[in-house]
Student: 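To start, I am sharing the structure in question, which I have written as structure tokens.
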2 protein chains.
Amino acid sequence: MTIEQATGRARGIDRVIAILDYLHQRRGPVRIADIARDTGTPRSTIYEIVNRLVDAHWLEPRDGDGTVFFGPAMHFYGSAYLEGGDRIRAARGEVKRLVEQTGETAQYCTLEGDKYTVVLNEPGSRTFRISSDVGVKVPIPWTASGRLLVDHLALEEVKAFIPPDDFVLPDGRVTAPEDFVAEVARAKSAGYARTTGLVDRFTTCLAAPVRDVGGRCVATICLVVPADTGEDDLAAMIEALRASGRRLSLA
Amino acid sequence: MTIEQATGRARGIDRVIAILDYLHQRRGPVRIADIARDTGTPRSTIYEIVNRLVDAHWLEPRDGDGTVFFGPAMHFYGSAYLEGGDRIRAARGEVKRLVEQTGETAQYCTLEGDKYTVVLNEPGSRTFRISSDVGVKVPIPWTASGRLLVDHLALEEVKAFIPPDDFVLPDGRVTAPEDFVAEVARAKSAGYARTTGLVDRFTTCLAAPVRDVGGRCVATICLVVPADTGEDDLAAMIEALRASGRRLSLA
DNA sequence: TCGGAATGTCCGATATTTCGGACTGTGTTC
DNA sequence: GAACACAGTCCGAAATATCGGACATTCCGA
């Protein structure tokens, strides 16, 4: 594991690679001094590098004592590897197709840590477009998609996973976790989620699940439409969404 | 995203952080020239760094054309973050307990990519110990644990996931994927897996699943015992294993 | 067939990062 | 309460990694 080089001097990148590899071997929080010893890195260098990695959320301090372990960024990168970019590629096509079919704004969304986030956004053809920025993180209970993305969790797990503050909607109303879980269950059995007036009063969100081979909802594809859209139109959109969701679930 | 600094010179670590962050944003294979442009990195530097990262399996070349994306190492680090080290900590205790109870070698195992790997190994108290090195990667069909670790996959998925060569046992015998999947199904419903004479003729392996909140088998806890162990003893061991597995599934 | 753009390699100079070691502060043991 | 191990910071010197730019190749479309 120790980095070997004629002079004993090593470059930062190699140090970083050795550090993460070492954490992976240990499989649990590690004291900085241990990293230094076992990777053969000078103490002053280790502190310099570890601090930089903590800033970037590649590592995070753990347990209050001076130990560190992998941070959330590693999880994001790891999921991206698993997706392989193939599903996103396919999702781009589906999102475009939905916009053409419906004229409304379509999005592809996933969980990023304990938040919901828009990965793809294709604005509709309306004069006054409803759309949102990609990459922005939003509390799970604020969205229709959120009701699908946690449908593998039981009540207690939902309470542990979603920060309590996130159950407070933008207008101050509070959703009880129990009610939320009931909506999640309904969405799961219906095969889609529908919400109106959650983030603002004038929009309805429709979402369908994208599931991995294990049946876990790993993403959603959704439409953002005006709240006064007719039921017949909504029904047609829901069918289109579910079809897209099924296609994406295969890749 | 561009790294800002007075002189325009930046250190390697910061470049690496910017590169991975950029790949994460793009969510799919990216040409090296794009990375250079969008992160504001000189071309010569990018090639130097990307090659180093490819060597470390942090990135991997994709699609034959000159694009790269996240590599398997990111997945390993990401899963380690999710586990948080807590389950491993608990597993250490369970493995020790099993050795005390049974006197046999106990192990804690997971999937690492498309291979089975021993994460913890605690040798038993026999004079002639049966044990294996931690970190070594073994084909999934060679092990009892492997039959549990893929129990969320259908036949076609198993064929796609496990390399064909891995169905060849050390002694040259070949397992048909169909037979393997049947054994997987049996292990799943039984709640444990048992194999004899797979890796060598004189050992029996017993394994119980450790499942995450979604019911997915994320690890196994297992015992390696002589093939001539009595059925009564085996039954007792299986019960002990399943109890450990259930406890670990909670964390 | 030619011209231009895109990809990848190589090299020398120098701005920078690494490293050793000294220093402070904190907790633990006898 | 003294001795010691451990955690973290700071600094100057020097080894070297980064950078710009030149060069080689390949791939296109005109």
Side-chain angles (χ1 to χ4, degrees), chain A residues 1-23 26 28-71 85 89, chain B residues 1-23 26 28-71 85 89:
Chain A
M1 259 323 90
T2 303
I3 296 177
E4 289 305 339
Q5 204 175 110
T7 69
R9 209 155 197 234
R11 75 159 157 177
I13 295 185
D14 291 333
R15 295 294 189 199
V16 172
I17 290 170
I19 290 168
L20 295 219
D21 200 50
Y22 177 68
L23 290 183
R26 293 281 302 262
V30 182
R31 284 174 311 163
I32 295 183
D34 289 343
I35 307 177
R37 178 172 23 79
D38 295 339
T39 63
T41 308
R43 275 153 36 77
S44 47
T45 306
I46 273 289
Y47 279 106
E48 159 67 18
I49 292 177
V50 166
N51 286 333
R52 180 72 188 88
L53 296 182
V54 169
D55 287 345
H57 303 285
W58 285 29
L59 305 183
E60 68 182 10
R62 293 284 302 257
D63 302 334
D65 54 354
T67 61
V68 294
F69 198 50
F70 292 111
R89 216 177 289 178
Chain B
M1 261 322 93
T2 303
I3 296 177
E4 291 304 342
Q5 203 175 109
T7 69
R9 208 151 200 241
R11 78 160 155 177
I13 295 185
D14 291 334
R15 294 294 188 197
V16 172
I17 290 170
I19 290 168
L20 295 218
D21 199 51
Y22 177 68
L23 290 183
R26 293 281 301 262
V30 182
R31 282 175 313 163
I32 296 184
D34 289 343
I35 307 177
R37 179 173 20 79
D38 295 339
T39 63
T41 308
R43 276 155 31 76
S44 48
T45 306
I46 274 289
Y47 279 106
E48 158 68 18
I49 292 177
V50 167
N51 286 333
R52 180 73 188 89
L53 296 183
V54 169
D55 287 345
H57 304 286
W58 285 31
L59 304 184
E60 68 182 11
R62 291 285 303 259
D63 302 334
D65 54 355
T67 62
V68 294
F69 198 50
F70 292 111
R89 217 177 288 178

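In this text the structure is predicted, and so the values were computed from the model without any measurement. Each chain gets a letter, A, B and so on, in the order the sequences are listed, and its residues count up from 1.
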Student: Is there a side-chain polar atom (N or O) of B/Arg15 under 4.0 Å from OP1 or OP2 of D/dA17?
Tutor: no
Student: Would you mind reading off the distance between A/Asp14 atom CG and C/dC19 atom C1', rounded to a whole angstrom?
Tutor: 16 Å
Student: May I ask you to evaluate whether B/Arg11 reaches the phosphate of C/dT18, defined as a side-chain N or O under 4.0 Å from OP1 or OP2?
Tutor: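 Affirmative; the distance criterion is met.
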Student: Any base atoms under 4.0 Å from B/Arg31, or only sugar-phosphate, or nothing? Heavy atoms, all strands.
Tutor: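 Since only primed, P, OP1 and OP2 atoms lie under 4.0 Å of B/Arg31, the category is sugar-phosphate.
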Student: Side chains of A/Val16 and A/Trp58: does their closest heavy-atom pair fall under 4.5 Å?
Tutor: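 They are in contact (side-chain heavy atoms under 4.5 Å apart), so the answer is yes.
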Student: Look at A/Tyr47 and D/dG8 and indicate whether a side-chain polar atom (N or O) is within less than 4.0 Å of OP1 or OP2.
Tutor: yes
Student: Between A/Thr39 and A/Ile35 (side chain of the first, backbone of the second, donor and acceptor by atom type, cut-off under 3.5 Å), is there such a pair?
Tutor: yes
Student: Heavy-atom nearest nucleotide on DNA chain D for B/Thr45 versus A/Asp65: which residue maps closer to 5'?
Tutor: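 In this pair, the answer is A/Asp65.
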Student: Quick check on DNA chain D: between B/Glu48 and A/Ser44, whose nearest nucleotide comes earlier from the 5' end?
Tutor: A/Ser44
Student: Taking five pairs at each end of the helix from C/dT1-D/dA30 to C/dC30-D/dG1, what angle separates the two helix axes (nearest 10°)?
Tutor: 40°
Student: Sub-3.5 Å donor-acceptor pair from the side chain of B/Asp34 to the main-chain atoms of B/Val30, do we have one?
Tutor: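 Side chain of B/Asp34 to backbone of B/Val30: no pair is present.
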Student: Could you check how far CD1 of A/Ile32 sits from C1' of D/dC6, rounded to whole Å?
Tutor: 12 Å
Student: Can you tell me how far C1' of C/dT7 sits from CD1 of B/Ile46, to the nearest Å?
Tutor: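 Rounded to the whole Å, the gap is 14 Å.
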Student: Does the distance from a Lys or Arg side-chain N to an Asp or Glu carboxylate O, for B/Arg43 and B/Glu48, drop under 4.0 Å?
Tutor: no
Student: Rounded to whole angstrom units, what separation is found between the CD1 atom of B/Ile35 and the P atom of C/dT7?
Tutor: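 Rounded to whole Å, this separation is 11 Å.
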Student: Specify the separation, in whole Å, of atom CZ of B/Arg37 and atom C1' of C/dT7.
Tutor: 14 Å
Student: Between the side-chain atoms of B/Arg43 and the base atoms of C/dG8, is any donor-acceptor pair under 3.5 Å?
Tutor: yes
Student: Looking at B/Asp14 and B/Ala10, would you say the former's side chain and the latter's main chain have a donor-acceptor pair under 3.5 Å?
Tutor: no
Student: So, does B/Thr67 use its side chain to make a donor-acceptor pair with the main chain of B/Arg62 at under 3.5 Å?
Tutor: yes
Student: Is a side-chain donor-acceptor pair under 3.5 Å present for A/Tyr22 with A/Arg26?
Tutor: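 A/Tyr22 and A/Arg26 do have a side-chain donor-acceptor pair below 3.5 Å.
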Student: Tell me the interatomic distance from A/Arg52, atom CZ, to D/dG8, atom C1', rounded to whole angstroms.
Tutor: 19 Å
